[in-house]
Every structure is written in structure tokens, then in C-alpha cells.
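All remarks here apply to the structure that follows.
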There are 2 protein chains.
Amino acid sequence: MSELVKSMPEAAGTRGRILDLAVQIASSEGLEALTIGRLATELGMSKSGLFGHFGSKEGLQLATIEAGAGLFGRTVIDPALHEPSGKPRLRKLALGFIDYLESSVFSGGCFWTSVAAEFDNREGPVRDRIELHVGTWLNILTEQAKAAGADDPRQLAFELFSIGQGTNMQYQLFRDADLFDRARETVERILP
Amino acid sequence: MSELVKSMPEAAGTRGRILDLAVQIASSEGLEALTIGRLATELGMSKSGLFGHFGSKEGLQLATIEAGAGLFGRTVIDPALHEPSGKPRLRKLALGFIDYLESSVFSGGCFWTSVAAEFDNREGPVRDRIELHVGTWLNILTEQAKAAGADDPRQLAFELFSIGQGTNMQYQLFRDADLFDRARETVERILP
DNA sequence: ATTGCGAACGAACGATCGTTCGGTAATATG
DNA sequence: CATATTACCGAACGATCGTTCGTTCGCAAT
């Protein structure tokens with residue numbers, strides 16, 4: 001791992017504690033396995049007390065997505081903003097993503113992979129938020145690929161994005177730590 | 001799409017009809033959304049009648065995975081076996097996978113992506129079967145990369161696998177058909 | 001001191017989950 | 001013809017789901 005990443009969870013308060021757990025469950029078992037009763041039990045509180053913080057199951061799912069987006073942003077994107085725009089920042093984004101997978105910020109691997117696979121064929125606000133956040137990640141990659149002078153920025157972003165997805169799926173299934181170095185090798189090779 | 005792919009579903013019989021639907025639901029909403037009551041309703045039969053074919057929910061999930069594996073094999077792997085081992089077969093495998101995504105053999109995109117994301121952090125026979133089938137796919141890619149004379153066959157397989165995963169996730173979320181050509185472009189570039 | 005409010009609780013609801021059971025009709029086997 | 005097997009059904013089960021309700025507690029403002 002190229003650098004120690006501080007991944008502070010959610011802010012304080014009961015709601016924050018709920019979402020810290022929710023985000024881990026969602027990443028490893030999905031947003032439907034994220035049950036109100038289960039959350040309440042594991043946190044030692046009542047279903048109705050927990051429910052009140054979100055108003056509905058969908059409200060809980062949306063809040064979990066925003067919490068996941070916050071943690072992803074603080075872990076992967078924010079550190080890259082300290083690098084100058086262009087190739088250094090793009091490199092930091094791509095390698096930071098691999099570090100994010102390797103350091104298991106989410107116990108279930110990439111948060112977005114889990115929730116997107118579950119909701120990409122449904123409709124409604126949950127799917128919309130997922131699309132927006134993943135779209136933002138992809139847009140940042142594309143912008144920085146452009147700033148880095150890539151011939152086809154969108155193509156480069158596509159490939160960097162894909163390396164991340166492939167690494168995540170293979171690691172989650174096979175637990176082969178060599179994958180992270182393979183991923184870094186590919187990233188270094190395709191950077192402009 | 002480089003070729004018309006015949007993707008004959010399951011064999012005849014009630015069990016086959018069940019699994020044809022099960023496989024589509026699993027690919028687009030996951031193996032837990034694959035409910036016995038829902039399947040029975042959509043197929044116009046009773047829960048208990050349907051249940052009898054599989055003995056348990058886990059039995060249904062395992063049967064669905066085998067049915068998905070069969071369809072994947074017939075769609076992606078079998079056609080490539082007509083190409084000579086080495087680069088031609090590897091190329092056919094990689095491009096065939098992209099065709100498989102583009103032609104929506106599974107309504108929810110790549111069958112393995114969906115079920116792996118859902119179960120890769122659990123334990124038990126369902127997870128084991130998924131790992132085995134995806135591992136087989138990866139091994140075939142690695143063997144053919146070796147036969148094609150790649151410097152690092154495992155690395156090439158890793159990259160081809162990743163392109164497929166990235167294409168699937170981006171297409172499922174953004175429905176941008178350009179992605180398939182981007183994927184083919186990358187495949188042609190990294191083949192040895 | 002009183003009021004108001006947010007947080008949390010326990011109990012209950014209707015719905016759905018996976019599963020079991022007993023029965024019926026059709027088919028195959030002897 | 002008798003028998004066993006298979007395919008399917010309807011009814012019911014306990015558990016869990018998301019959700020609603022009324023209540024209680026503690027704290028802050030008036």
C-alpha cells in the first residue's frame with residue numbers, strides 16, 4: 001500500500017453510528033440485506049427507534065448511500081486533490097482507488113460495486129443516487145485524463161475504471177493479494 | 001456485434017421453465033430477490049409445487065447458478081472452442097464476452113457480476129459454486145493467454161477480465177452503447 | 001415550573017418469507 | 001389390474017419484513 005489512508009467514519013451521534021454499520025453491511029451483503037431489524041439488534045436498540053431516524057426503508061438506503069459516498073470521497077478523492085491537476089492527480093486517483101480496495105475501507109470491497117450490481121436494473125431514487133455518484137467518479141477520472149493530455153480521455157477513464165472493477169471482483173472472490181500489484185502495474189502502463 | 005449468438009435457454013420441462021426465469025431475475029435483481037413466491041406467481045403455479053423441484057431456497061439458488069453457468073458456457077465459451085488455441089481463441093473469448101454483454105443474454109447484464117457481488121462476502125455452497133465458475137472463466141483466459149504467447153498470461157487474463165467487468169458495470173448504470181466499442185478497442189490493443 | 005420536542009421504546013399490524021403437510025390427478029412400472 | 005412414483009396443489013406454520021401507534025424519558029426554552 002503506497003500510503004496510510006485515514007478513513008474516519010461518519011460524524012457522531014446515533015444516526016452516525018447506525019450509518020457506519022449500515023455502510024459496512026451494504027458493501028458486503030447489499031442494500032436489501034440491510035434490514036431494519038438486523039441493524040437494531042446489532043446496535044442494541046429498538047426497530048422503531050432506529051426507524052425514526054430515516055422514516056422508511058428507502059430513506060435508510062438513501063442515507064446509507066450518502067454515507068458511503070462521503071467515506072469514498074474522503075478516502076479516494078480528497079487526497080488526490082492535493083496533487084496538481086493532470087497526470088499526477090489522475091495517477092493518485094487511480095492508485096488511491098486500489099489502496100482503497102486493498103485496505104478494505106469497506107468490509108465488502110468497493111461500496112459502489114455492491115450497491116450498483118444490486119440496483120442497476122431497478123428504478124427509483126436509490127438507483128438514481130447510485131448512478132449519480134458513480135457518474136461523478138467517472139467524470140473526475142475523465143476530466144483528469146483530459147488535463148493529463150490523454151488522446152482519448154474518456155477511453156482512458158473507461159480503462160482505469162475497469163481495472164478497479166476487475167480488481168475488486170477478483171479479490172473479493174479469490175482473495176489473491178497479488179491482484180493489487182497487477183492493478184498498479186496496469187495503471188502505470190496506461191497512464192499517458 | 002460481431003456475430004449472431006444463439007443462446008438457447010434451458011432444456012424443456014417445468015424445471016427448465018422455472019430456471020429460465022430464475023436466471024433472468026438473479027442477473028437483474030440478485031439471488032435473494034429470487035423469491036419462491038414471486039417465481040410461482042409469475043409462472044402461474046403454486047409455491048409448494050415450485051418448491052418441490054429444488055427442496056430448499058439454497059437448492060433453488062444453486063440450480064439457478066448452474067443454469068446460468070450453462071447459458072454462459074454455451075454463449076461465450078463454446079463458440080470460442082471452434083477457434084484454434086492461442087491468440088485466435090483468446091480473442092474470440094474476449095470479444096465474445098463483450099458480445100454477450102451487448103446482446104443482453106441476461107437481462108441484468110453479466111450473470112456472474114450480479115451474483116458474485118451479492119455473495120462474495122458470505123460463506124457456504126452458493127458462494128463456493130460462484131467462485132468455482134468464475135475461477136473457471138479466469139483460468140480459461142489465462143490458459144489461452146499462455147497459449148497465445150503472452151509475456152505474463154495471468155496479467156493479460158486479469159486485464160481482459162477487468163475490461164469485461166468495467167464494461168458491464170458502466171453499461172448497466174449509464175446505458176451508453178459506445179462502451180462496447182471502447183471495450184473492443186482495448187481488447188485488440190492489449191492482445192499479444 | 002411548565003411547556004415543548006426529539007429520541008427511544010414496546011407492542012402490534014398486515015404482508016411476505018421459506019417450509020411442511022396432506023391430498024389429488026396423471027403417469028409409469030410391476 | 002394393482003402399485004409406486006411423480007407433479008402439482010391449497011392450507012397452514014413460525015419467522016421476519018417494513019411500518020404505525022402510543023408512551024416515556026430527558027433536555028431546552030419559555
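Throughout, a chain's letter reflects where its sequence line sits, starting with A, and its residues are numbered from 1.
- Annotation for A:Leu156 and A:Ala145: closest pair CD2-CB, 3.9 Å, computed over non-hydrogen atoms.
- At whole-Å resolution of the value, CG in B:Leu50 and C1' in D:dC9 are 12 Å apart.
- Look at B:His53 and you'll find a side-chain N or O under 4.0 angstrom from OP1 or OP2 of D:dC8.
- Side chain of B:Arg189 to main chain of B:Arg184: no donor-acceptor pair is present (N/O by atom type, distance under 3.5 Å, no hydrogens or angles).
- OP1 or OP2 of C:dA8 has at least one side-chain nitrogen or oxygen of A:Thr14 nearer than 4.0 Å.
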What side-chain donor-acceptor pairs closer than 3.5 Å can you find for residues 80-88 of chain A, not counting sequence neighbours?
| from | atom 1 | to | atom 2 | distance (Å) |
| --- | --- | --- | --- | --- |
| A:Ser85 | OG | A:Gln144 | OE1 | 3.1 |
| A:Ser85 | OG | A:Gln144 | NE2 | 3.4 |
| A:Lys87 | NZ | A:Pro192 | O | 3.2 |

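- Geometrically, A:Arg154 does not engage A:Phe158 in a cation-pi contact, judged by NZ or CZ lying under 6.0 Å from the ring centre and within 45° of the ring axis.
- Here C:dA7 presents its P atom at 16 Å from CG of A:Leu43, a figure rounded to the nearest Å.
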>> One character per nucleotide, please: for nucleotides 15-24 of chain C, 5' to 3', B when the base has a protein heavy atom closer than 4.0 Å, S when only the sugar-phosphate does, - otherwise.
In response: --BBBBB---

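- Side-chain atoms of A:Ser46 come within 3.5 Å of backbone atoms of A:Gly49 as a donor-acceptor pair (strictly under, hydrogens ignored).
- B:Arg182 and A:Glu159 are not joined by a salt bridge, as no carboxylate oxygen comes within less than 4.0 angstrom of a charged side-chain nitrogen.
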